[in-house]
Novice: 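One structure follows; several queries about it will come next.
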Number of protein chains: 2
Amino acid sequence: MAVTLADVAARARVSTATVSRVLNGNYPVAESTRARVLRAVTDLEYVVNGPASALAAATSDLVGILVNDIADPFFGVLASAVQSEVSGGSGMPTAGGAGTRTGDGSTRHYPGPPNQLVRTDEKLAVVCNTGGCPERELTYLTLLQRQRASAVVLTGGAVEDAVHAEAVAAALTRLAGAGTRVVLCGRPPVTSGVDGRRPEAGPAPQARATVEHSHAGTASHVAASAPQHMPSQHAPSQLVTLAFDNRGGARRLTEHLVSLGHRNIGYVAGPPGRTTTRHRLEGHRAALATHGIPDPAHRTVHGAYDRAAGYDATQELLRRDASLTAIVAANDTAALGVCAALRDRGLRIPGDVSVAGFDDLPFSADAAPALTTVRLPLQEAGARAGRLAMGREASPPGEVATIRGELMVRASTSVPYS
Amino acid sequence: MAVTLADVAARARVSTATVSRVLNGNYPVAESTRARVLRAVTDLEYVVNGPASALAAATSDLVGILVNDIADPFFGVLASAVQSEVSGGSGMPTAGGAGTRTGDGSTRHYPGPPNQLVRTDEKLAVVCNTGGCPERELTYLTLLQRQRASAVVLTGGAVEDAVHAEAVAAALTRLAGAGTRVVLCGRPPVTSGVDGRRPEAGPAPQARATVEHSHAGTASHVAASAPQHMPSQHAPSQLVTLAFDNRGGARRLTEHLVSLGHRNIGYVAGPPGRTTTRHRLEGHRAALATHGIPDPAHRTVHGAYDRAAGYDATQELLRRDASLTAIVAANDTAALGVCAALRDRGLRIPGDVSVAGFDDLPFSADAAPALTTVRLPLQEAGARAGRLAMGREASPPGEVATIRGELMVRASTSVPYS
DNA sequence: CTGTTAGCGCTTTCAT
DNA sequence: ATGAAAGCGCTAACAG
């Protein structure tokens with residue numbers, strides 16, 4: 001049906017091998033021959049058969065990017081950065097450094113193909129929306145393995161269910177073992193089988209056993225405790241992690257509030273059972289503990305990472321304790337909901353109640369009032385993850401790097417009762 | 001290296017054909033045999049080789065979703081909706097109707113496979129970020145064709161360059177011809193070579209020649225001039241379009257402002273040379289014209305569809321004409337920038353200046369003040385596009401459906417000088 | 001520098 | 001109901 005390599009070969013009066021060679025540009029071919037082949041290619045509107053070449057070459061040019069919620073700018077920014085790095089470094093102007101292409105070590109040793117129809121040096125970056133659903137995460141991982149993806153980038157926090165963690169760890173190991181490069185971005189390192197290997201453990205609120213690493217001393221050192229993902233011989237660094245220092249960021253944020261004089265601080269946490277939620281909450285509590293401030297359970301309310309959750313949580317928080325002088329949200333989006341709820345109750349920000357978020361998404365600086373938050377270098381992290389996925393950058397020592405967030409003090413926080 | 005069908009067959013003591021049959025569930029297999037095979041599959045952790053099966057079956061389970069900017073919630077919401085429809089209808093709870101699966105007409109005639117490792121009935125929805133760059137759009141289209149994608153969904157406005165339009169039309173025709181279902185969502189129908197074939201035409205404000213179709217009495221007739229993409233025999237309705245009525249929405253929005261008494265209205269347009277930009281601007285002007293309100297060119301400023309552009313455009317607009325009592329932005333994101341700029345100048349919204357946006361993104365209702373805008377049913381449109389891509393819904397008559405936007409009057413607009 | 005020739009792993013008639 | 005065998009279109013040695 002479709003035009004094949006053989007058709008092109010016939011028209012160019014050469015062998016299929018030759019056509020393949022000029023298309024891949026990885027082997028010397030006479031200039032005249034090349035021209036003839038290229039001519040045939042365009043004449044026939046030939047388009048490489050991906051599956052066929054993937055089958056023969058045992059690898060495809062697919063790079064998968066898994067995100068929890070594609071409609072959330074947090075992931076949008078991350079994914080965008082990864083993608084622009086993966087597919088040629090051009091992409092959005094937003095992507096900052098565009099010249100990444102210059103010194104690349106691709107296989108393009110010989111003059112490249114002419115038109116859209118041919119180029120093989122670029123990867124197809126695709127983003128997969130898991131919707132925060134563990135099963136879909138697994139499904140995508142499998143699907144990507146099916147496609148023999150050349151790399152997979154997992155973004156965002158992980159679910160803390162032991163069974164699921166085990167399953168993901170297994171999937172990642174398979175992937176890595178199959179030669180797919182795996183990069184974790186904004187997600188803690190894989191620690192398979194750390195918490196006791198109880199396959200039937202269930203949601204296990206106890207699963208937190210292994211958490212207190214990576215923040216003791218001061219910041220971004222990786223805890224030396226439990227043996228990590230164990231690159232079991234056949235995976236030389238096929239699995240690297242770029243984690244966000246959520247705990248540290250949250251701690252600094254709450255300390256900022258405390259230093260302003262706040263004592264009654266409400267916390268709008270993310271959905272329970274997720275690493276990001278837990279880490280940020282822990283940071284918040286650590287800050288309070290450090291300053292000897294009690295933190296009654298009723299001052300924390302869990303919800304989704306969205307605006308509606310922030311809104312609802314705020315109502316609940318206010319109902320439970322009207323003495324609150326500040327509310328910290330697990331992320332900026334929820335913080336916006338917090339602000340909305342406060343406004344609707346006729347409370348002023350920060351006059352009556354200070355508000356803080358986390359992430360520093362694009363809109364946060366423009367909110368009214370501008371949001372105090374912790375800036376996560378999403379753009380940079382994504383780009384780095386992209387480069388790692390392309391094997392264009394060396395892995396960090398220990399295969400794990402922790403990325404710090406920066407406290408951004410803006411107008412939504414002030415001294416209480418001001 | 002990896003486990004193959006043959007390995008499974010050997011372990012289950014059957015032929016590869018049989019294994020294939022139970023995996024695809026499209027052919028009767030004895031229950032006992034099936035069990036044995038399934039057992040072998042899980043024991044061996046067998047994962048189908050996508051490329052190989054795609055090659056043999058001449059089709060893959062990839063569905064591509066092209067977006068202009070994945071970091072923009074507009075596309076995020078759209079993509080999310082498409083995707084959750086494509087990969088089993090579950091996905092985000094936001095997606096509303098989840099039970100779509102029930103009456104599907106898949107090939108699953110016999111009891112399906114058991115675990116994550118096997119399932120073949122689901123598609124792999126992947127989103128590709130073009131960054132609004134025509135070349136990348138083409139690249140992705142080709143890449144997807146390479147992969148023999150089963151469907152492709154193009155979202156968002158198109159670039160109005162004649163050459164590029166031609167190229168895209170050609171690519172889509174090839175795709176459709178190759179059996180890939182193509183769905184345009186939030187983008188006008190493909191009408192290659194409509195506006196006079198002037199390759200260097202540029203933004204061409206005159207290009208409006210053929211626009212008023214598809215919502216008047218007769219609707220979706222394609223301009224009769226140059227021969228279109230010509231579904232040349234072998235493409236029965238492989239290309240369907242879900243367009244947004246940007247012009248009508250914009251007109252109603254501006255009419256709302258006019259009815260409030262505004263006469264000096266500034267307009268922050270999107271990037272020139274894009275259909276969405278032009279249609280919205282045309283709607284705005286049509287409204288003014290209808291009411292005999294002059295619209296000097298200096299009251300329109302073009303920029304990107306982002307917040308920064310809205311901010312800058314507003315400064316420029318105010319510099320040019322301080323008598324403005326309202327500013328309409330091409331989309332909500334830019335409108336937020338407009339608000340920020342206004343606030344920074346000490347102007348009150350809507351007291352001094354009314355502001356309106358377009359799209360009604362999630363955050364718009366929460367802005368301060370809540371944004372008057374035109375609500376586009378992104379969720380529904382995306383879901384429908386997804387169903388069309390899956391062949392799970394019949395095409396609209398004429399292969400084109402126009403989706404209207406709904407005027408949402410909120411707090412950011414009021415009578416002037418209030 | 002170019003042609004020949006095996007497969008890559010799976011699907012699919014065609015037999016049995 | 002199951003097996004045997006012929007490709008699908010391309011790549012990668014290996015010869016020339």
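All figures in this text were calculated on a predicted structure; none of them were measured in a lab. Chain letters run A, B, ... following the sequence lines, proteins first, then strands; residues in each count from 1.
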Novice: So, taking the atom named CG in L239(B) and the one named CG in L184(B), what distance separates them when rounded to the nearest 0.5 Å?
Specialist: 6.0 Å

Novice: Take Q147(B) and D61(A), measure what side-chain hydrogen bond (donor to acceptor under 3.5 Å, both in side chains) needs, and give me the verdict at the end.
Specialist: CA-CA 10 Å; Q147(B) 303 298 327; D61(A) 50 8; 3.2 Å; yes

Novice: For E85(A), is there an ion pair with R392(A) - N to carboxylate O distance below 4.0 angstrom?
Specialist: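 Yes.
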
Novice: Can you list the residues that meet the side-chain contact (heavy atoms from CB on, under 4.5 Å) rule with A6(A), with sequence neighbours excluded?
Specialist: T4(A), T16(A)

Novice: Look for any protein N or O under 3.5 Å of an N or O in nucleotides 11-15 of chain C and output each such pair with its distance, or none.
Specialist:
from, atom 1, to, atom 2, distance (Å)
dT11(C), OP1, N24(B), ND2, 3.4
dT11(C), OP2, S20(B), OG, 2.8

Novice: Rounded to the nearest angstrom, tell me the gap between atom CG in N49(A) and atom C1' in dG7(D).
Specialist: 14 Å

Novice: Picking from dG9(C), dC1(C), dT2(D), which would you name as closest to the side chain of T4(B)?
Specialist: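 Looking only at heavy atoms from C-beta outward on T4(B), the closest nucleotide is dG9(C).
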
Novice: Could you work out, with side-chain contact (heavy atoms from CB on, under 4.5 Å) as the rule, every residue matching A40(A), not counting sequence neighbours?
Specialist: V8(A), R11(A), A12(A)

Novice: In this structure, how many angstroms lie between the P atom of dC1(C) and the CZ atom of R36(A), rounded?
Specialist: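 Atom-to-atom, R36(A) to dC1(C), this comes out as 14 Å.
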
Novice: Taking atom P of dA6(C) as reference, at what distance in whole Å does atom CG of L55(A) sit?
Specialist: 18 Å

Novice: Evaluate the side-chain proximity of V152(A) to L141(A): yes if any heavy-atom separation is below 4.5 Å, no if none is.
Specialist: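 Of all side-chain heavy-atom pairs linking V152(A) with L141(A), at least one is under 4.5 Å.
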
Novice: Give the rounded distance in Å between these two atoms: CD of E31(B) and P of dT2(D).
Specialist: 10 Å

Novice: Select one nucleotide: of dT2(D), dG3(C), dG9(D), the one nearest the side-chain heavy atoms of V14(A).
Specialist: dG3(C)

